[in-house]
J.: 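Quick one: this structure, given as structure tokens, is what I'll be asking you about.
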Amino acid sequence: MSQFNNSDKPQVLRETDEAARLQAKSFVRDSAHGALASLEPQTGWPLASRVSLATDADGVPLILISRLSAHYAALEADSRCSLLLGEPGDGDPLRHPRITLVCAAQKVLPEHRAAAKLEFVKRHTSAQLYADFSDFDFWRLIPLRASLNAGFGKAYALTAEDLK
């Protein structure tokens with residue numbers, strides 16, 4: 001049993017400011033890859049996969065995945081997922097900024113596929129080779145909230161509105 005209550009805990013989150021919002025938006029806009037975590041339908045256990053990213057016209061992360069992948073089935077069964085962005089850089093990877101987006105995955109509708117493909121192939125030219133395969137679909141990862149670690153002692157909780 002803890003001898004401290006919640007009011008005794010130091011506040012680790014900073015108040016979200018414009019610099020934090022800009023850094024978060026930059027992560028989303030500029031990241032070419034990330035780690036996607038989804039829930040395995042058979043077990044409910046988390047499943048992480050590396051994915052390639054682009055953003056659509058609204059700045060929402062886009063992924064292109066095959067129906068053969070485990071995370072495709074996971075997203076179809078349960079749209080809840082998270083996306084970790086940020087490169088570890090040199091030295092201790094935990095000293096480098098990163099963001100985790102809590103998202104709702106949404107398959108891109110056929111009438112919006114051409115626009116998604118255009119944005120995705122701009123970022124990942126090699127995707128042109130398989131983007132039209134019948135077993136591949138684009139998905140939007142709609143951010144609901146985010147946790148930004150902007151460096152040592154710089155933690156922020158962001159809302160969906162902060163990311164727009």
Side-chain angles (χ1 to χ4, degrees), residues 11-41 43-67 69-90 92-109 112-113 115-124 126-127 131 136-164:
Q11 177 58 283
V12 296
L13 293 176
R14 291 187 176 193
E15 187 172 331
T16 302
D17 57 16
E18 195 56 28
R21 288 182 193 93
L22 289 172
Q23 186 173 19
K25 291 174 192 177
S26 175
F27 268 119
V28 173
R29 182 187 61 245
D30 298 339
S31 295
H33 298 91
L36 174 73
S38 53
L39 300 173
E40 191 175 50
T43 67
W45 285 89
L47 173 72
S49 304
R50 186 165 172 85
V51 292
S52 296
L53 298 168
T55 53
D56 67 11
D58 296 326
V60 172
L62 283 173
I63 59 174
L64 173 63
I65 53 177
S66 169
R67 291 186 188 132
S69 68
H71 47 284
Y72 191 104
L75 295 177
E76 272 198 315
D78 189 332
S79 68
R80 295 176 298 165
C81 60
S82 64
L83 183 64
L84 172 64
L85 306 174
E87 294 302 320
D90 294 330
D92 182 353
L94 298 181
R95 294 184 58 99
H96 296 277
R98 57 204 175 273
I99 190 170
T100 299
L101 304 171
V102 174
C103 302
Q106 179 184 71
K107 198 182 309 182
V108 171
L109 298 172
H112 301 294
R113 184 180 174 91
K117 178 184 172 186
L118 180 68
E119 294 304 320
F120 198 86
V121 170
K122 270 194 241 178
R123 169 78 51 90
H124 302 282
S126 63
F136 276 79
D137 285 307
F138 292 97
W139 291 74
R140 298 175 81 223
L141 303 179
I142 302 163
L144 304 175
R145 60 185 171 87
S147 174
L148 173 65
N149 182 320
F152 186 77
K154 297 179 187 173
Y156 302 89
L158 292 95
T159 66
E161 196 60 37
D162 290 324
L163 299 164
K164 291 182 181 178

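Because the structure is predicted, anything quoted here is derived from the model rather than measured.
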J.: Just verifying a value: how many Å separate Leu83 CG and Thr100 OG1, rounded to the nearest 0.5 Å?
T.: 8.0 Å
J.: Mind checking side-chain hydrogen bond (donor to acceptor under 3.5 Å, both in side chains) for Arg140 and listing every partner two or more places apart, or none if nothing turns up?
T.: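 Partners of Arg140 by the side-chain hydrogen bond (donor to acceptor under 3.5 Å, both in side chains) criterion, ordered by chain and then number, come out as Asp56, Gln106.
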J.: side-chain hydrogen bond (donor to acceptor under 3.5 Å, both in side chains) between Gln23 and Ser26: does it pass, once the steps are laid out?
T.: CA-CA 5 Å; Gln23 186 173 19; Ser26 175; over 6 Å; no
J.: Quick one: does any side-chain atom of Arg123 pair with a main-chain N or O of Ser52 as donor and acceptor, under 3.5 Å?
T.: no
J.: Heavy-atom distance under 4.5 Å between the side chains of Leu39 and Leu47, does that happen here?
T.: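 When only atoms from C-beta onward are counted, Leu47 and Leu39 do not touch, as no gap falls below 4.5 Å.
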J.: Scan Leu53, Leu75, Leu84 and name whichever one has a side-chain contact (heavy atoms from CB on, under 4.5 Å) with Leu36.
T.: Leu75
J.: Enter the distance from Leu101:CG to Ile142:CD1 here, rounded to the nearest 0.5 Å.
T.: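 Leu101 atom CG to Ile142 atom CD1 measures 12.0 Å (nearest 0.5 Å).
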J.: Go through the steps for Arg145 and Asp162 under the test salt bridge (charged side-chain N to carboxylate O under 4.0 Å, His left out), then give the verdict.
T.: CA-CA 8 Å; Arg145 60 185 171 87; Asp162 290 324; over 6 Å; no
J.: Which value, rounded to the nearest 0.5 Å, describes the distance between Leu62 atom CG and His124 atom NE2?
T.: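 These two atoms lie 9.5 Å from each other.
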J.: Check side-chain hydrogen bond (donor to acceptor under 3.5 Å, both in side chains) between Lys107 and all other residues, then give those that pass, not counting sequence neighbours.
T.: Tyr72, Glu76
J.: Using side-chain contact (heavy atoms from CB on, under 4.5 Å) as the criterion, point out the one residue from Ser31, Cys103, Pro143 that pairs with Pro61.
T.: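 When side-chain contact (heavy atoms from CB on, under 4.5 Å) is applied between Pro61 and each of Ser31, Cys103, Pro143, only Pro143 qualifies.
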J.: With side-chain contact (heavy atoms from CB on, under 4.5 Å) as the criterion, how do Cys81 and Leu141 come out once you've worked through the C-alpha distance, each side chain's angles and the decisive distance to 0.1 Å?
T.: CA-CA 8 Å; Cys81 60; Leu141 303 179; 3.9 Å; yes
J.: Taking 4.0 angstrom as the limit, do Lys164 and Asp58 come out as a salt bridge?
T.: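 Looking at Asp58 together with Lys164, the answer is no, because their closest N to O distance does not fall below 4.0 Å.
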J.: Using only atom types and a distance under 3.5 Å, with no angle test, would you say the side chain of Ser69 pairs donor to acceptor with the backbone of Ile65?
T.: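 Answer holds: no.
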J.: Under 6.0 Å from the NZ atom of Lys154, do we count more than 12 heavy atoms belonging to anything else shown?
T.: no
J.: Between Ser147 and Ile99, is a side-chain contact (heavy atoms from CB on, under 4.5 Å) present by the stated rule, with each step listed?
T.: CA-CA 6 Å; Ser147 174; Ile99 190 170; over 6 Å; no
J.: Quick check for you: to the nearest 0.5 Å, what is the distance between Glu87 atom CD and His96 atom NE2?
T.: 10.5 Å
J.: First locate atom CG of Leu22, then atom CG of Asp17, and finally report the distance between them rounded to the nearest 0.5 Å.
T.: 9.0 Å
J.: Got a donor-acceptor contact below 3.5 angstrom from the Thr43 side chain to the Trp45 backbone?
T.: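 At least one qualifying donor-acceptor pair exists.
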J.: Does one side chain, of His71 or Ser49, offer a donor that lies under 3.5 Å from an acceptor on the other?
T.: yes
